[in-house]
Every structure is written in C-alpha cells, then in structure tokens.
Amino acid sequence: MSDLRTALLEELREIAARPVPAFDPALADDFAADGRRLPYEAQYFARRRHLAALAVVGEGPALSSLLKDVCQERSWALPAHWGIDFDPRTCVDLFACETAQTLAEILRLRDDVEGAAEIEAEIRERVLDPLFESEFPLWWELRISNWTAVCAGAAGMAALALGYDLDRVRGRILPALQSYLFSFGPDGGCVEGVDYWVYGFGYFTYFAEAWRDATGEDLLAGNEAIAAFPARAQLYPGSFATFGDAGPDTLLPAGLLTRLHDRLGVPLPAAARTQTFADDACARWAPLTRTLEWGRPLGDTVEPGRAFLADVGWFVERRRSGRRMWALAVKGGYNDEPHNHLDLGSFLIAVDGEQLVCDPGAGEYTAAYFGDERYEQVHPSSAWHSVPTVEGAGQQLGEDSRAELVDTGNGVEAYIDAYGDGALIRKFAWTEDTITLEDFGPEITETFVSRICPELEGDRAVWAGERGTLVLHGVNPEDAVIDSVDTTDHRGAPDRLWALRFGLSGGLRFELL
C-alpha cells in the first residue's frame, strides 16, 4: 500500500510542478458546430487533473487561483450535455456533479483556500440547489444507468462535505441510488460493461462509505454479486469482455476494488500493471483520493474459470492451454440497453488478453454516436460485430430484439430473435484446443470481426496475433470476402477493423494455436 501511495503522490507532485494547462472556452462551441467532443474535453480534464494534484500536494495560492478559474467556467457540465431549454451553468450532469464533489471535499481538506465562501456558493448554485430544490426528478433519476449512480453519488458526497442536513440528503440521494441497484439482476452483471461498472458502482461505493461514516448505515451490505462482476467478466489481467461501449484499457481503481474486497469479501480482478493517475483520462477526484486512502496493488494473475450471467446475458470462460490463457465471451441481452450495440450473439476469442476475434467496444463519442445516426456508426453497428445476417438482414433495434443464453456445461447456446421474421440459434462448444460454432437459421451470411487482417487458405482463415494464432475451419471459399473500415476509437485514435464474410455452408471450428 505504501508503494502505491508513494508512487501516486510522486506523480501528483510532478503534475503540480508543471504550468497550469491552457484553457480555451471557445472550444466549447465545437460540439454544436461539428459534433466533436474531444478538443474541449481534453483541456477540461487536463484542468481537473492539475486541480487534483494541487489540492493534494500543491501550495495554497496556486490552488486558490485554479479554483477561482474553475468557478469562472461557463459550465461544469460538458457541452455534449447542454440542453437548449436551460442554462448550461446549472446543467447537472456527470461532470458538474463530480466537480461539485471535488471542490466541496477540497474545502474540507484544505484550510488555506482563498475565497472559500464564494466557492461554496458556486457549488450550491450550480449543482446542489438545482438538484435538492427541484420539485421534479431530474432525468437521470428516472432513466437508470451509470448516470444515476455517478450524479447522485457525487452530489451526495458534495452535500455531506458541506454539512447538509442528513435527512435532506437521505430523501433525495438514497432513492436514486436504490433505483440504480434495482437495475441489476441477481447475477450482479452490468449491461453497460466493466468500464461503466467502475464508474457507476464506483460512485455508489464512494457515497456509501461516506454515508456510513456519517450515519453508521451500511448501503454496501447485500451487494456482493454486483461487486464481484469485474472478476467474473475478466479475460486476462487487465483485460475484460468489451461488449457495448467498453474499451480495451479498463481503469481499475485500486481503492475501489480493494475496499469492496475488504468489506464484502468479493474476489479481486487482476491488473496487468499498477495503474497511475494518468491512466484516468477524466482525472476523477473520487477514485484518486479513495485509492490514496484505501488502495493496495491488485494481483497480476488470473486462473481458469467460467461465469454464466443469465440476467445480463453474458458468458465468459477462461481455459489454459500450455502457457496461454484462452477466453471465450458471448453476448446476449437485448438491443435497447444503455450504451447499446446491435450485438446479440456476438462473441470474442482472446489469448492472453489479445482479442483475435474481437468485439469492437466503444467508438469516438460524437453527436452522431448518441443521435439518430448511432447505428450507422461503425462500433455500434451490426455489420461490425461477429454476428451474421439472416436472409440478408442485420439485427434490429429495440427492446423486443433479444437473445437468451443457455449454459450447456461445455459452452453456451444463444437463441436470438432480432431479425424480424428470421431467427438465429448459435451453439458454442469448447473441447480441448477447439471451439466449435454451429449456426441455425435461413440464409445465413457469417461475419467475423478482428483488428487483425485474416489470411485465407482455401477453407481456412488464419488470424495470427502477437500472443497466439486462431484458425477457422469451414470457410466457404467460393464467396469469402475480406473488407475493412478505418474509423476512430473512443480516444479519437485511428482504429481499423477487418471483417471476414461468407455464406454459411456447414459447421465451423476454431483451432486455438
């Protein structure tokens, strides 16, 4: 623990010693002009990173100056969340609530902040008053997702730090958090994936522990299944199933995970390395400070295992072959989930965390990505997941498009009703060094997606990765085609996907080499 804390404090000192990052308010207009979020958000989060460093290890005058700058921002919410019917200054979104919590806890942490009364007034006027004085629920109190837990948890912690009446906090914050918990089934799986579990359940946990300190009430008790989700969805140390808007580099806040392990006895997921503050692209105060207080390094090994999450519709299995750890993950659920992709029956095969048949995960967040054109974007589309077309049709959007998974003991079966009049049954079976796939349905055209270009050799396709090789037997050489698309990933970096497509003519077998 001391080594983790020492390394984080040294990193914060290096950040605090740098010049304050530049901040151009005019970049906020980019989103309205062209739908891009990253230019403004990059400087926004750079400012939050510097603020956190100064708050923990910096001098009072520099901290006070930056706090003043933050209080002069047009909005603490991101431009992508501004509405046309209200003042951006009082937009209560994820990052406005996080900023409110950050500033409130800095005021409690530091007694050398100049203008503390003015800062507290900003917190109240921008976030806490619009929330606590509203006669009607805010939208995120009704539409349950990670927003519910993050906004309620962060605003609740800000209120506790500022000494709000506990009954007032109880009446507004606890119902939202209880609704968030009700969104989980008995298996504890998170439809939004591990990244958004870290975000949403993380802020639930941070608030729950602050509430326990204030009242003695334990909101975490009984939530062991939810707390165990990351360990059950793990492919390899630091690697998780990337269904929905997940990324390949899931942040694993050591404070959050070790706290849940200590309090609830749940297994810890394994990390590929000790993560740093720089690994959090959004520079969040809560994971940083709780890691400094609670954190210990996570383990770096993972054992073979399998998890069947019937409620959320996930299947994940790890098997060791020689020195390598292979993993198969299959996605069920429905096609109207938070951060939904058209991916029912999609799957991935990974070796030592490298996905040879991949799930694309999250693309760059833009206006189109969350608008009416969402399923024309590469990453959420049916065309760029490893799912077939049925009678020439891709998957349809909607809550009625569903896939039920059935655990068979040596694999999983998926019963998919997402193609209009056409239906699809997929059967995965794992024996020794082979995963077989049987698809049943009318006029099936297969698609297998990877970030590795496959090589065709007659009725075989070969994906040669850095950590292992996957060979698909049963390709129809008469109509097999390989195409690719160049897009951008969640961070705006170039992202190329390859797809092998062919008409199904028989059983398929993946050989694991």
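- Here Arg320 pairs with Glu303 in a salt bridge; the nearest charged N to carboxylate O distance falls below 4.0 Å.
- Between Glu98 and Arg48 no salt bridge is recorded (no basic side-chain N to carboxylate O distance below 4.0 Å).
- Side-chain N or O atoms of Gln234 include one that pairs as donor or acceptor with a backbone N or O of Ala270 at under 3.5 Å.
- The cationic atom of Arg501 (NZ for Lys, CZ for Arg) lies less than 6.0 Å from the six-membered ring centre of Trp384 and within 45° of the ring axis.
- Annotation: ring pair (Phe, Tyr, Trp, His ring centres under 6.0 Å) contacts involving residues 426-445, sequence neighbours excluded, comprise Phe347-Phe428.
- With Gln355 contributing its side chain and Leu348 its backbone, the two residues share no donor-acceptor pair below 3.5 Å.
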Any chance you could lay out the salt bridge (Lys or Arg N to Asp or Glu O under 4.0 Å) test for Glu446 and Arg426, step after step, and finish with the verdict? CA-CA 11 Å; Glu446 296 286 3; Arg426 314 200 86 177; 3.3 Å; yes
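- Ring pair Tyr180/Phe204 is tilted by interplanar angle, where 30° to 60° counts as tilted.
- Salt-bridge check for Arg13 with Glu10: passed, with a basic side-chain N closer than 4.0 Å to an acidic carboxylate O.
- Ring geometry for Tyr44 versus Phe95: interplanar angle over 60°, hence perpendicular rather than tilted (30 to 60°).
- Between Phe448 and Phe502, the ring-plane angle classifies as tilted under the 30° and 60° cut-offs.
- Between Arg402 and Glu404 there is no salt bridge, since none of the side-chain N atoms of the basic residue sits less than 4.0 Å from a carboxylate O of the acidic one.
- Between Phe370 and Tyr365, the ring planes are perpendicular. Angles over 60° get that label, and only those under 30° would be called parallel.
- Classification of Asp495 and Arg451 as a salt-bridged pair holds, one side-chain N sitting under 4.0 Å from a carboxylate O.
- By the 4.0 Å N-to-carboxylate-O rule, Arg296 lies close enough to Asp262 to be salt-bridged with it.
- If you look at Phe229 and Trp314, their ring centroids are closer than 6.0 Å.
- Distance alone, capped at 3.5 Å, places no donor-acceptor pair between the Asp93 side chain and the His81 backbone.
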